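Shown next, in structure tokens, is the structure this report addresses.
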Amino acid sequence: MPVWNRGTRGIRGLSRAVALEGSQKKGRSLLQFLADRFYDVQALREYLLQKQVLKVHQKNRPFTYIKERFGPHAAGAYFILKQGGAVKFQGKEWIRSDAHGHFSLDFLKFQAVPVEAVDASGCAINYQGLDSLLALKELQSLWLQRCPHVDDWCLGRLHPLANSLQELSLAGCPRISERGLASLHHLRNLRRLDISDLPAVSNPGLTRILVEEMLPSCQVLGADWAQGLPSGPEEQSQDRASPIPA
């Protein structure tokens, strides 16, 4: 333990000692809290899961006061920017938050200007959060790439955007399956749809064919049509044939 010696060196040493002792106490208190509250790993996992669910719920809360004062377009834009995404008003440049999550509120002046594009890639948007997007009746492009909470139920809610939506990206969403893609049949004005890298889709090639038939005017991007389909007789016989050593 450093001793006061009437010099700056002694002051710095004493400060480091106090900081170290404080951090050790915090570490012991955290361990004691966990030991007192949780008796097994399963209880700890359930606690952490509940905290994560609550955090996602809070991120998807609607900003009613902004909608009432500035309109649905400003409220939808604010919601996406708070999530870390980007928005584009008609005739305006893209608006994005910076590395610290900060963004300008100048878009609140665009009360009469509709939002035409939303990039929510990687955001924590879920079924509840879609309420802030479904009010954007002139939305033309929507990117939901790699959104971990977007599932089949979410896709079933997109029908209010059927008259305006022309481009939709669902690439990399882990919870979207064939059932959710089938609910997109009402998006008749869709011109571009990205369904690549969907791990919950069991047969990507066949799914792409079915989606193209369901939306004949839409360009469907994703897996090759043969991916996941059974191979031909010759390929099957080659696969099943065991090599014979010479």
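Numbering of residues begins at 1 and proceeds along the displayed sequence. What you see is a predicted model, and the numbers here were worked out from it, not measured in a lab.
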_Those residues that, when tested against Gln140, pass side-chain hydrogen bond (donor to acceptor under 3.5 Å, both in side chains) (two or more places apart)_ =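 So Gln140 forms no side-chain hydrogen bond (donor to acceptor under 3.5 Å, both in side chains) with any residue.
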*Excluding sequence neighbours, so at least two apart, what forms side-chain hydrogen bond (donor to acceptor under 3.5 Å, both in side chains) with Gln111?*
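Gln111: no side-chain hydrogen bond (donor to acceptor under 3.5 Å, both in side chains) contacts found.
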With a 4.5 Å cut-off on side-chain heavy-atom distances among I, L, V, M, F, W and Y, is there a chain of contacts connecting [X] to [Y]?
X	Y	answer
Trp143	Leu221	no
Phe89	Ile66	yes
Leu190	Leu210	no
Phe103	Leu133	yes
Leu134	Val115	yes

For the [atom1] atom of [X] and the [atom2] atom of [Y], what is their distance to the nearest 0.5 Å?
X	Y	atom1	atom2	value
His186	Leu161	NE2	CG	8.5 Å
Glu116	Gln90	CD	CD	5.0 Å
Leu144	Asp194	CG	CG	11.0 Å
Leu139	Asn163	CG	CG	12.5 Å

*According to the interplanar angle, ranging from 0 to 90°, do the rings of Tyr65 and Phe63 count as parallel (below 30°), tilted (30 to 60°) or perpendicular (above 60°)?*
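Ring orientation, 0 to 90° scale: perpendicular.
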Is there a side-chain contact between [X] and [Y], using heavy atoms and a 4.5 Å cut-off?
X	Y	answer
Leu165	Leu142	yes
Pro160	Lys137	yes
Leu170	Leu181	yes
Trp153	Leu155	no

Closest approach of [X] to [Y] (non-hydrogen atoms, all atoms of both residues):
X	Y	result
Ala182	Met214	O-SD, 3.5 Å
Pro174	Pro199	CA-CG, 3.7 Å
Leu206	Asn203	N-OD1, 3.2 Å
Asp152	Ile176	OD1-CA, 3.4 Å
Ser177	Ala200	CB-O, 3.9 Å
Cys173	Cys147	SG-N, 3.8 Å

_Among Lys67, Arg61, Arg157, salt bridge (charged side-chain N to carboxylate O under 4.0 Å, His left out) partner for Asp131_ =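 That would be Arg157.
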*Verify side-chain contact (heavy atoms from CB on, under 4.5 Å) between Val150 and Arg175, making sure each step is shown before the conclusion.*
CA-CA 6 Å; Val150 172; Arg175 302 178 64 182; over 6 Å; no
*Are Asp197 and Gln145 close enough, and set up right, to give a side-chain contact (heavy atoms from CB on, under 4.5 Å), and what steps lead you there?*
CA-CA 10 Å; Asp197 190 24; Gln145 298 173 191; over 6 Å; no
With a 3.5 Å distance limit and no angle check, can you tell me whether [X] reaches the backbone of [Y] through a side-chain donor-acceptor pair?
X	Y	answer
Arg191	Asn189	yes
His73	Pro114	no
Ser141	Glu167	no

*Apply side-chain contact (heavy atoms from CB on, under 4.5 Å) to Leu158 and Leu168, showing your working.*
CA-CA 11 Å; Leu158 296 181; Leu168 175 63; 4.1 Å; yes
*Could you walk me through whether Val220 and Leu215 pass side-chain contact (heavy atoms from CB on, under 4.5 Å), step by step?*
CA-CA 9 Å; Val220 181; Leu215 299 171; 5.6 Å; no
Identify all side-chain donor-acceptor contacts of residues 77-84 below 3.5 Å with residues at least two apart in sequence or on another chain.
residue, atom, partner, partner atom, Å
Gln83, OE1, Ala124, N, 2.9
Gln83, OE1, Ile125, N, 3.4
Gln83, NE2, Lys59, O, 3.1

*asked:* Does His57 have more than 12 heavy atoms from other residues, nucleotides or ligands lying within 6.0 Å of its NE2?
replied: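 Count not over threshold, so no.
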*Return yes when atom CZ of Arg179 has more than 12 non-hydrogen atoms of other residues, nucleotides or ligands closer than 6.0 Å, and no otherwise.*
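No, CZ of Arg179 has 12 or fewer neighbouring heavy atoms, counting only those of other groups under 6.0 Å.
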